[in-house]
Trainee: 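To start, I am sharing the structure in question, which I have written as structure tokens.
Quick note: residue numbers are just sequence positions, from 1. Keep in mind that this is a model prediction, so the values were computed, not measured.
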Amino acid sequence: MRKLLLPFALALAAAMSAQAGTLGPGGTLNGLDGWPGQKFGISWIAKDLKPGTKIKVTLLRNGASLRVLATGLSLTNEASPQRGPILRGNLWWTPTAADIGCNYAALVATEDGALSFTTETFGVFAAMAFPTKGGLSNVRVDQPVAGRVLVLGQQGAIAWSLIANPKHWPSKKLKLELFYDTFKVGDIADVPLDFTKCPASGSYSWIVGKLTSITNYSRIPDGKNLVPGNSYWVRASGDGSSYFGPVFVIAPSSGMPAAVGTHVPKPVGGASPPLN
């Protein structure tokens with residue numbers, strides 16, 4: 001009989017020593033997107049924990065542990081007659097540019113691992129939104145930079161940064177268009193966005209001058225060849241948001257444009273030429 005009671009007694013002792021109580025989110029800061037240099041607030045509320053219980057916070061990405069943000073965190077007693085014994089804690093985490101990405105979450109747990117919860121997912125992007133002359137945008141054109149010379153027929157990179165929250169991109173597409181001065185010349189490409197791969201940035205290898213449709217035949221008079229010039233720029237857009245890239249040069253293979261143009265300006269990123 002004594003042998004039968006021993007396993008039961010050990011199990012009972014283990015159950016009594018296990019952490020009791022609850023641990024859960026403690027505020028509205030969980031699950032919000034942000035940017036490098038911005039403080040992320042991770043907070044929690046606990047009830048009926050052992051005195052001196054410490055908290056550990058682990059950063060997750062795609063559900064897997066990435067690194068420990070903090071350990072040995074204490075709880076503050078905020079008990080009141082109305083709410084009873086409530087313990088509260090929080091952690092401020094400031095990401096860097098190296099943390100830009102998607103599908104992050106924080107795992108908040110007691111150090112013994114008995115109690116835990118995971119915050120909502122969030123992203124770290126280059127900015128919360130990119131300012132433009134017309135308003136805020138969920139995309140920014142990073143290349144070509146102002147004054148860059150792209151040669152007709154050769155490859156020229158069009159690069160961008162995204163606020164890669166899927167709720168901003170229901171179409172899952174980024175539209176690239178070519179403009180000359182204040183007029184649209186034609187469409188460059190519709191680029192699919194794969195949010196399972198966190199497209200916080202991306203690029204398109206453009207054969208300079210190649211368009212999927214033509215809007216302004218004054219720049220492509222024969223319907224095939226783009227006229228060189230100093231006042232080209234790319235607009236990136238999608239789902240109601242757009243960004244006007246800086247003005248650059250398109251030149252023939254021999255060098256600078258043969259067509260007469262104005263001096264290449266260097267506008268502030270995102271500022272658009274005045275559209276009619």
Side-chain angles (χ1 to χ4, degrees), residues 30-36 38 61-63 95 97 99-105 119-145 150 155-216 219-220 226 232-248 267-276:
N30 297 301
L32 295 182
D33 296 333
W35 57 90
Q38 178 213 17
R61 186 168 186 186
N62 296 318
D99 296 310
I100 290 177
C102 312
N103 302 324
Y104 285 110
T119 66
E120 298 175 33
T121 58
F122 60 88
V124 178
F125 305 119
M128 180 59 74
F130 302 113
T132 70
K133 187 174 182 179
L136 296 178
S137 174
N138 295 316
V139 60
R140 179 184 69 195
V141 177
D142 298 321
Q143 292 185 43
V145 298
L150 301 183
Q155 290 187 338
I158 300 173
W160 57 83
S161 297
L162 285 181
I163 308 300
N165 189 322
K167 69 182 181 183
H168 297 320
W169 301 90
S171 72
K172 296 183 180 179
K173 289 183 178 180
L174 177 67
K175 187 178 185 66
L176 301 176
E177 303 161 279
L178 180 67
F179 279 72
Y180 177 79
D181 197 15
T182 61
F183 299 98
K184 179 178 173 179
V185 179
D187 295 323
I188 296 174
D190 285 326
V191 182
L193 301 173
D194 185 355
F195 289 98
T196 64
K197 297 181 180 179
C198 185
S201 61
S203 64
Y204 178 79
S205 184
W206 181 40
I207 302 301
V208 179
K210 184 177 180 180
L211 301 173
T212 60
S213 67
I214 300 172
T215 304
N216 183 0
R219 302 309 301 173
I220 312 180
L226 183 67
Y232 286 100
W233 49 281
V234 169
R235 179 168 71 182
S237 62
D239 298 321
S241 174
S242 64
Y243 190 97
F244 305 95
V247 177
F248 59 90
V268 176
S272 65
L275 297 180
N276 294 334

Trainee: Any side-chain heavy-atom pair from I100 and P36 closer than 4.5 angstrom?
Mentor: yes

Trainee: Contact between L211 and V185 at the side-chain level, heavy atoms closer than 4.5 Å - yes or no?
Mentor: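 Sidechains of V185 and L211: in contact.
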
Trainee: How long is the span from the CG atom in N103 to the CG atom in N62, to the nearest 0.5 Å?
Mentor: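 If I round to the nearest 0.5 Å, the distance is 4.5 Å.
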
Trainee: With side chains defined as the heavy atoms from C-beta onward, is the minimum distance between N165 and F195 less than 4.5 Å?
Mentor: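 A side-chain contact under 4.5 Å is absent here.
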
Trainee: Given the rule in the side-chain contact (heavy atoms from CB on, under 4.5 Å) test, do L178 and W206 qualify, once you have shown the distances and angles that lead to the verdict?
Mentor: CA-CA 11 Å; L178 180 67; W206 181 40; 4.0 Å; yes

Trainee: If you look at every heavy atom in A164 and P199, which pair is closest and at what distance?
Mentor: CB-O, 3.8 Å

Trainee: Answer with yes or no whether the side chains of S171 and D239 bring together a donor and an acceptor at under 3.5 Å.
Mentor: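 On atom types as modelled, these side chains qualify, holding a pair under 3.5 Å.
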
Trainee: Rounded to the nearest 0.5 Å, what separates atom OG1 in T215 from atom CZ in F179?
Mentor: 8.0 Å

Trainee: Could you tell me whether the side chain of Y104 reaches within less than 4.5 Å of the side chain of D99, counting heavy atoms only?
Mentor: yes

Trainee: Between L193 and K173, is there a side-chain heavy-atom distance shorter than 4.5 Å?
Mentor: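 They are not in contact (no side-chain heavy atoms under 4.5 Å apart), so the answer is no.
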
Trainee: Looking only at non-hydrogen atoms, find the nearest pair between N216 and K184 and report the distance.
Mentor: CB-O, 3.1 Å

Trainee: Could I get the full list of side-chain contact (heavy atoms from CB on, under 4.5 Å) partners for V139, not counting sequence neighbours?
Mentor: S137, W160, L162, W169, L174, A236, Y243

Trainee: Taking the side chain as every heavy atom from C-beta outward, state whether L150 and Y232 have any pair of such atoms under 4.5 Å apart.
Mentor: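 No, their side chains stay 4.5 Å or more apart.
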
Trainee: Rounded to the nearest 0.5 Å, how far does CD1 of I207 lie from CD1 of I188?
Mentor: 12.0 Å

Trainee: Can a side-chain donor-acceptor contact be found between S242 and R235 if the only test is distance below 3.5 angstrom?
Mentor: no

Trainee: State the CD-OH distance between Q143 and Y204, to the nearest 0.5 angstrom.
Mentor: 15.5 Å

Trainee: Quick check on the 6.0 Å ring-centre criterion: do F244 and W233 meet it?
Mentor: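 Yes - the distance between ring centres of F244 and W233 falls below the 6.0 Å cut-off.
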
Trainee: What are the two closest heavy atoms between R61 and C198, and how far apart are they?
Mentor: NH2-SG, 4.0 Å

Trainee: Give the minimum heavy-atom separation between H168 and I163, together with the two atoms involved.
Mentor: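 Looking at all heavy atoms of both residues, the shortest contact is CD2-CG2, 3.9 Å.
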
Trainee: Any side-chain heavy-atom pair from S237 and E177 closer than 4.5 angstrom?
Mentor: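 Heavy-atom side-chain distance check passes, below 4.5 Å.
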
Trainee: Is the shortest heavy-atom distance from the side chain of V145 to the side chain of F248 under 4.5 Å?
Mentor: no

Trainee: Locate the shortest heavy-atom distance separating V141 from V234; write the atom from each residue and the value.
Mentor: CG2-O, 4.1 Å

Trainee: Whether D190 and K175 form a salt bridge (side-chain N of Lys/Arg under 4.0 Å from carboxylate O of Asp/Glu) is what I want to check.
Mentor: yes

Trainee: In Å, rounded to the nearest 0.5 Å, how long is the span from CG of D33 to CD of E120?
Mentor: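 D33 atom CG to E120 atom CD measures 10.5 Å (nearest 0.5 Å).
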
Trainee: Looking just at side-chain N and O atoms, do T212 and D187 make a donor-acceptor pair shorter than 3.5 Å?
Mentor: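 Judged by distance alone, the side chains do not pair up.
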
Trainee: Please find the pair of heavy atoms, one from R140 and one from A126, that lie closest to each other, and give the distance.
Mentor: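 Heavy-atom minimum between the residues: NH2-CB, 4.3 Å.
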
Trainee: Distance from I214 atom CD1 to I220 atom CD1, nearest 0.5 Å?
Mentor: 4.0 Å

Trainee: Which residues pass the ring pair (Phe, Tyr, Trp, His ring centres under 6.0 Å) test with F125, sequence neighbours left out?
Mentor: none

